[in-house]
There are 2 protein chains.
Amino acid sequence: MAIYKFSPEQAGTNQPLSSNLFSRLQTDILTGKIRSGEKLTEQKICEQYSVSRTPVREALRQLETDGLVESIPNRGAYVIGLSQQDIEDMYQLRKIYEIQAVRWAVERITDEELDQLEETFEFMEFYTMKCDKEKMLNINTHFHQLIYSASHNRMLSHMLASYQIYIKHIRTTPKNDDEYLRIVFDEHRAIFNAIKARDAEAGARAMEVHMDNSKARSLPQK
Amino acid sequence: MAIYKFSPEQAGTNQPLSSNLFSRLQTDILTGKIRSGEKLTEQKICEQYSVSRTPVREALRQLETDGLVESIPNRGAYVIGLSQQDIEDMYQLRKIYEIQAVRWAVERITDEELDQLEETFEFMEFYTMKCDKEKMLNINTHFHQLIYSASHNRMLSHMLASYQIYIKHIRTTPKNDDEYLRIVFDEHRAIFNAIKARDAEAGARAMEVHMDNSKARSLPQK
DNA sequence: AGCCTTATAATTGTATACAAGTATTCAATT
DNA sequence: AATTGAATACTTGTATACAATTATAAGGCT
């Protein structure tokens, strides 16, 4: 797995992910543009996204293994989507692994990885000050992914990365952007400081707080 | 999700899973028939498995989202496979979620689900006595899946089900089959009794023991 | 009217054909 | 000898054609 240098300039544009059909369909399901229970007829998708059936079928198979679509042989594919319950469940599950990731990261992080994390953390601070919410979304994702890498557990990285895709679309916009950004930054600072101080318990606690708050922020009534 | 009646008669035959190309490739990668790092040329797979390129590409995309294959655009697909480290990591991660599954199952299991679990448990006892290792593999998987269902957490079920696919192929054969089956049965009994008694702590402890032993049993030196 | 049978249409599964991009070969040049 | 460049072969990406299966509709029967 190639580790690429993170460039905040490029971070704001969420173009790369939505380039292929799989990601586009994933986005449209998670944002509710395609409704849960809907039947995905191959021909319809072909017309709607202006592609032929081959890439459509490939995308459907990917959605199937991802659990967003149920494919019945010779019958077709049906959207499963995420219920509010699913989302809450996911946050609960994600929390468990995120905490574990921090613990392992504290134990196993290399000096180079810590430098990268610090660099990203400083970008976070900068764009929090600038209140650039668009860029912050990507930097936040990157910050978490660096922790996954630092845990040196390929399986864990893979699992948490798959959660991130969901999270990215679920996030609701709170009323006060500036305050929201500052609070999230403070939570990330607590995590970063704990990792830098190689304090696993503090890291776990900080991540737990961050996860509980993230879940609360994702709820519609907030 | 349709819950099907478990039939132990059908359980011994591991034919259903390997029916489609995706599962066949998955099996061949996990059993080492296809080696890690190997390039999967579409044409080669076509010839080797006697199918055309369309189903091959679909299978490759599924393997990609599963994390068993890395697909580089316009270049091809490369097998990632599982290292010994990956397997150990997976057991560690699986353990965390299996314990959580038991806790939730204790809280949320319905009477009907408990009946199903008991029925499956009794089949386990029967085939343990008969030392039918082939059938036991599938019954064990089914036993765990019933616990996932009883946790009433679709995400958790999905995650743990994906681990099961790996586990199924990783299991190494210990020296003494009869003793092995008896020990595994005892571990499962402890889990079942705890769930039936609605004792979350006892269930968690029993599952932890089962997971630690499973991991130890999967190691080659055992 | 309700139900079964049968014919037709629509959809999925598979194979193949063409387009676009990538890797390889080999000669020409420095 | 090493390197560059063009031509060729190979591989992936996409579109389309045909086969197999399933859904739909119409007509006949009780």
Side-chain angles (χ1 to χ4, degrees), chain A residues 1-2 4 10 14-29 33-81 165, chain B residues 1-2 4 10 14-29 33-81 165:
Chain A
M1 269 178 282
Y4 53 89
Q10 212 181 353
N14 47 357
Q15 204 66 27
L17 257 174
S18 50
S19 56
N20 61 338
L21 185 60
F22 169 51
S23 303
R24 289 175 68 189
L25 284 168
Q26 202 175 43
T27 300
D28 290 346
I29 291 172
K33 197 184 279 179
I34 299 175
R35 248 177 253 143
S36 188
E38 193 173 322
K39 176 169 184 187
L40 295 177
T41 310
E42 292 174 6
Q43 195 60 41
K44 261 190 191 167
I45 303 173
C46 289
E47 292 160 13
Q48 213 133 7
Y49 295 83
S50 304
V51 281
S52 74
R53 279 184 62 212
T54 310
V56 167
R57 288 181 61 86
E58 287 171 16
L60 287 178
R61 287 288 131 80
Q62 289 186 87
L63 291 168
E64 191 188 350
T65 55
D66 234 35
L68 282 176
V69 150
E70 190 188 3
S71 203
I72 305 168
N74 285 310
R75 295 274 295 273
Y78 296 84
V79 177
I80 295 179
I165 297 162
Chain B
M1 264 177 284
Y4 54 88
Q10 214 179 353
N14 48 356
Q15 203 65 27
L17 259 173
S18 48
S19 56
N20 62 336
L21 186 60
F22 169 51
S23 303
R24 288 175 68 189
L25 284 167
Q26 202 176 43
T27 301
D28 289 347
I29 291 172
K33 197 184 280 181
I34 299 174
R35 249 178 252 141
S36 188
E38 190 173 324
K39 178 169 183 189
L40 294 177
T41 309
E42 293 175 5
Q43 196 60 43
K44 259 189 194 169
I45 303 174
C46 290
E47 292 161 11
Q48 213 132 7
Y49 294 83
S50 304
V51 280
S52 75
R53 277 185 60 214
T54 311
V56 167
R57 288 181 62 84
E58 288 172 17
L60 287 177
R61 286 288 131 76
Q62 290 187 85
L63 291 167
E64 190 188 353
T65 54
D66 235 36
L68 281 176
V69 151
E70 189 187 4
S71 202
I72 304 168
N74 285 309
R75 295 275 295 274
Y78 296 84
V79 177
I80 295 180
I165 297 162

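All heavy atoms count here, side chains included; hydrogens, waters and symmetry mates do not. Proteins come first, then strands; the chains are lettered A, B, ... in the order of their sequence lines, and each starts at number 1. Just so you know, these numbers come straight off a predicted model, no measurement behind them.
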**OP:** Give the nucleotide from the list D:dA15, C:dA15, D:dA17 with an atom nearest to the side chain of A:P55.
**Re:** D:dA15
Original post:
In Å and rounded to the nearest 0.5 Å, what is the NZ to NZ distance from A:K39 to A:K44?
Top reply: 9.0 Å
Compile the donor-acceptor pairs under 3.5 Å between side chains in residues 72-81 of chain B and protein atoms, sequence neighbours left out, one pair per line.
none

**OP:** Would you mind reading off the distance between B:E47 atom CD and C:dT14 atom P, rounded to a whole angstrom?
**Re:** 18 Å
Subject >> Distance, nearest 0.5 Å, that separates CD1 of B:I34 from CD of B:Q26 >> reply: 11.0 Å
**OP:** Send over the distance from B:N74 CG to C:dA20 C1', rounded to a whole Å.
**Re:** 8 Å
Subject >> Distance, rounded to the nearest Å, where A:F22 contributes CZ and D:dG13 contributes P >> reply: 15 Å
Subject >> Rounded distance (Å) that lies between atom P of D:dA15 and atom CD of A:E58 >> reply: 11 Å
Original post:
For A:R53 and C:dA15, what is the distance between atoms CZ and C1' respectively, to the nearest whole Å?
Top reply: 12 Å
Subject >> Atom pair distance, as rounded to whole Å: CD1 in B:I72 and C1' in C:dG21 >> reply: 14 Å
**OP:** Nearest 0.5 Å please: distance from the CD1 atom of A:I45 over to the CG atom of A:L60.
**Re:** 4.5 Å
Subject >> Residue closer to the 5' end of DNA chain D, A:R75 versus A:S50 (nearest nucleotide) >> reply: A:S50
Original post:
Are the charged groups of B:R61 and B:E58 less than 4.0 angstrom apart, N to O?
Top reply: no
Original post:
Nearest of D:dT14, C:dG21, C:dG13 to any side-chain atom of A:R61?
Top reply: C:dG13
**OP:** Respond yes when some side-chain nitrogen or oxygen of A:R57 is under 4.0 Å from OP1 or OP2 of C:dT12, and no when none is.
**Re:** no
**OP:** Residues of residues 39-46 of chain A with any non-hydrogen atom less than 4.0 angstrom from an atom of DNA chain C: list those, numerically ordered, please.
**Re:** A:K39, A:L40, A:T41, A:E42
**OP:** Hey, could you give me the CD/NZ distance between B:E38 and B:K33, rounded to the nearest 0.5 Å?
**Re:** 12.0 Å
Subject >> Heavy-atom side-chain proximity of A:V69 to A:L25 below 4.5 angstrom >> reply: no
Original post:
Atom OH of A:Y49 to atom P of D:dG13: distance rounded to whole Å?
Top reply: 21 Å
**OP:** Output yes when at least one side-chain N/O atom of B:S52 is less than 4.0 Å from OP1 or OP2 of C:dT14, else no.
**Re:** no
**OP:** Please state how far atom CG in B:L60 lies from atom P in D:dT12, giving the value in whole angstrom units.
**Re:** 9 Å
